[in-house]
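Below you'll find the structure, written out as C-alpha coordinates, and then a few comments.
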Amino acid sequence: MQLTLEFGGGLELLCNSVKIHNVSIDPENGVGKLIMKDLLSWVRANLIKERPEMFMKGDTVRPGVLVLVNDCDWELSGQLDTTLEEKDVVVFISTLHGG
(Lines give C-alpha, C1' and ligand atoms only; values in the text may rest on other atoms or scores of the structure.)
Protein backbone atom coordinates (compact mmCIF):
# COMPACT_ATOMS: atom_id res chain seq x y z
CA MET A 1 0.00 0.00 0.00
CA GLN A 2 1.41 3.37 -1.03
CA LEU A 3 1.12 6.14 1.59
CA THR A 4 2.54 9.61 2.05
CA LEU A 5 3.70 10.36 5.59
CA GLU A 6 4.49 13.93 6.64
CA PHE A 7 6.19 15.01 9.86
CA GLY A 8 6.13 18.59 11.17
CA GLY A 9 6.44 20.78 14.22
CA GLY A 10 9.86 19.31 15.01
CA LEU A 11 8.95 15.62 14.57
CA GLU A 12 10.92 15.56 11.32
CA LEU A 13 14.09 15.78 13.44
CA LEU A 14 13.38 12.22 14.60
CA CYS A 15 13.42 11.07 10.95
CA ASN A 16 16.80 12.48 9.85
CA SER A 17 15.15 15.87 9.20
CA VAL A 18 13.08 14.49 6.30
CA LYS A 19 9.56 15.94 6.38
CA ILE A 20 7.84 13.90 3.63
CA HIS A 21 8.15 10.14 3.16
CA ASN A 22 6.51 8.24 0.30
CA VAL A 23 6.33 4.67 1.59
CA SER A 24 5.04 1.27 0.58
CA ILE A 25 3.72 -0.84 3.45
CA ASP A 26 2.36 -4.39 3.38
CA PRO A 27 -0.48 -4.92 5.88
CA GLU A 28 0.66 -7.04 8.83
CA ASN A 29 -2.53 -9.03 9.15
CA GLY A 30 -2.34 -10.30 5.55
CA VAL A 31 -5.92 -9.45 4.62
CA GLY A 32 -5.09 -6.25 2.79
CA LYS A 33 -6.32 -3.96 5.56
CA LEU A 34 -3.91 -1.53 7.18
CA ILE A 35 -4.95 0.33 10.33
CA MET A 36 -3.22 3.21 12.10
CA LYS A 37 -1.98 0.95 14.90
CA ASP A 38 -0.06 -1.10 12.32
CA LEU A 39 1.25 2.06 10.65
CA LEU A 40 2.57 3.48 13.92
CA SER A 41 4.46 0.25 14.63
CA TRP A 42 5.93 0.41 11.12
CA VAL A 43 6.93 4.07 11.52
CA ARG A 44 8.65 3.36 14.85
CA ALA A 45 10.59 0.43 13.34
CA ASN A 46 11.46 1.97 9.96
CA LEU A 47 11.42 5.78 10.03
CA ILE A 48 12.17 7.00 13.54
CA LYS A 49 15.95 7.16 13.79
CA GLU A 50 16.34 8.61 17.27
CA ARG A 51 14.35 9.14 20.48
CA PRO A 52 11.19 7.17 19.58
CA GLU A 53 9.81 8.11 23.00
CA MET A 54 9.36 11.66 21.65
CA PHE A 55 6.93 10.31 19.03
CA MET A 56 5.18 7.40 20.72
CA LYS A 57 4.02 6.37 24.17
CA GLY A 58 2.98 2.73 24.35
CA ASP A 59 1.28 1.80 21.08
CA THR A 60 -0.01 5.28 20.20
CA VAL A 61 1.41 8.75 19.60
CA ARG A 62 2.39 10.89 22.57
CA PRO A 63 -0.03 13.51 23.85
CA GLY A 64 0.62 16.70 21.90
CA VAL A 65 1.04 14.98 18.53
CA LEU A 66 -1.74 15.91 16.11
CA VAL A 67 -2.51 13.17 13.57
CA LEU A 68 -4.36 13.96 10.35
CA VAL A 69 -5.48 11.36 7.81
CA ASN A 70 -6.28 13.07 4.51
CA ASP A 71 -6.58 16.39 6.40
CA CYS A 72 -9.08 14.94 8.92
CA ASP A 73 -8.25 14.62 12.62
CA TRP A 74 -7.83 10.92 13.37
CA GLU A 75 -9.90 11.35 16.53
CA LEU A 76 -12.92 11.67 14.24
CA SER A 77 -12.14 8.51 12.31
CA GLY A 78 -11.30 5.97 15.02
CA GLN A 79 -7.71 6.78 16.09
CA LEU A 80 -5.73 3.50 16.25
CA ASP A 81 -8.52 1.63 14.44
CA THR A 82 -8.63 4.06 11.50
CA THR A 83 -8.46 2.04 8.28
CA LEU A 84 -5.97 3.37 5.75
CA GLU A 85 -6.40 3.14 2.00
CA GLU A 86 -4.10 3.34 -1.00
CA LYS A 87 -2.59 6.83 -1.54
CA ASP A 88 -3.73 8.18 1.86
CA VAL A 89 -1.76 11.08 3.32
CA VAL A 90 -1.00 10.85 7.04
CA VAL A 91 0.41 13.93 8.79
CA PHE A 92 2.00 13.99 12.24
CA ILE A 93 2.47 17.43 13.81
CA SER A 94 3.90 18.17 17.23
CA THR A 95 1.93 20.86 19.01
CA LEU A 96 4.52 21.09 21.81
CA HIS A 97 7.25 23.66 21.36
CA GLY A 98 10.06 24.87 23.55
CA GLY A 99 10.05 28.36 24.98
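FYI, side chains are in, hydrogens and waters are out, and symmetry mates aren't considered; it's all heavy atoms of this structure. Sequence positions, counted from 1, serve as the residue numbers for this chain.
- Between the side chain of Glu86 and the backbone N or O of Gln2 there is at least one donor-acceptor pair closer than 3.5 Å.
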For side-chain hydrogen bond (donor to acceptor under 3.5 Å, both in side chains), just list the numbers for Ser17 and Glu12, CA-CA rounded to whole Å, side-chain angles, deciding distance to a tenth of an Å, and then say yes or no. CA-CA 5 Å; Ser17 297; Glu12 68 276 6; over 6 Å; no
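- For the atom pair Ile35 CD1 and Leu84 CG, the distance stands at 8.5 Å (nearest 0.5 Å).
- For Asn16 (side chain) and Val18 (main-chain N/O), no donor-acceptor pair under 3.5 Å exists by modelled atom type.
- With values rounded to the nearest 0.5 angstrom, Leu14 atom CG is found 5.0 Å from Ile48 atom CD1.
- Of the residues listed (Leu68, Ile20, Leu11), the one engaging Glu6 in a side-chain contact (heavy atoms from CB on, under 4.5 Å) is Ile20, and it is the only one.
- Here the side chain of Asn70 pairs no donor or acceptor atom with the backbone of Asp88 at under 3.5 angstrom.
- Hydrophobic clustering, with ILVMFWY side chains joined whenever heavy atoms are under 4.5 angstrom apart, keeps Trp74 apart from Leu66.
- No path of Ile, Leu, Val, Met, Phe, Trp and Tyr side chains, each step under 4.5 Å between heavy atoms, connects Leu47 with Leu13, placing them in separate hydrophobic clusters.
- With sequence neighbours left out, the side chain to side chain contact (heavy atoms under 4.5 Å, CB included) criterion links Ile25 to Leu3, Val23, Leu34, Leu39, Trp42.
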Between His21 and Cys15, does a side chain to side chain contact (heavy atoms under 4.5 Å, CB included) hold up when you go through it step by step? CA-CA 9 Å; His21 301 262; Cys15 304; 3.7 Å; yes
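- Rounded to the nearest 0.5 Å, atoms CE (Met56) and CZ (Arg44) are 3.5 Å apart.
- Remark: Met54 CE is loosely packed, at most 12 non-hydrogen atoms of other residues, nucleotides or ligands lying under 6.0 Å away.
- Closest heavy-atom contact between Ser94 and Gly9: CB-O, 3.4 Å.
- Thr82 contributes no side-chain N or O that, together with a main-chain N or O of Met36, makes up a donor-acceptor pair within less than 3.5 Å.
- Put simply, the side chain of Val43 reaches to within 4.5 Å of the side chain of Leu5, judged on heavy atoms.
- Two residues are said to be in side-chain contact when any heavy atoms from C-beta on lie closer than 4.5 Å; Met1 and Asp26 fail this criterion.
- Under the 4.5 Å side-chain heavy-atom criterion for grouping Ile, Leu, Val, Met, Phe, Trp and Tyr, Phe55 is not connected to Ile93 through any hydrophobic cluster.
- By the side chain to side chain contact (heavy atoms under 4.5 Å, CB included) test, Asp59 pairs with Lys37, Leu80, sequence neighbours left out.
- Classified by interplanar angle (parallel below 30°, tilted 30° to 60°, perpendicular above 60°), the ring pair Phe7/Phe92 is parallel.
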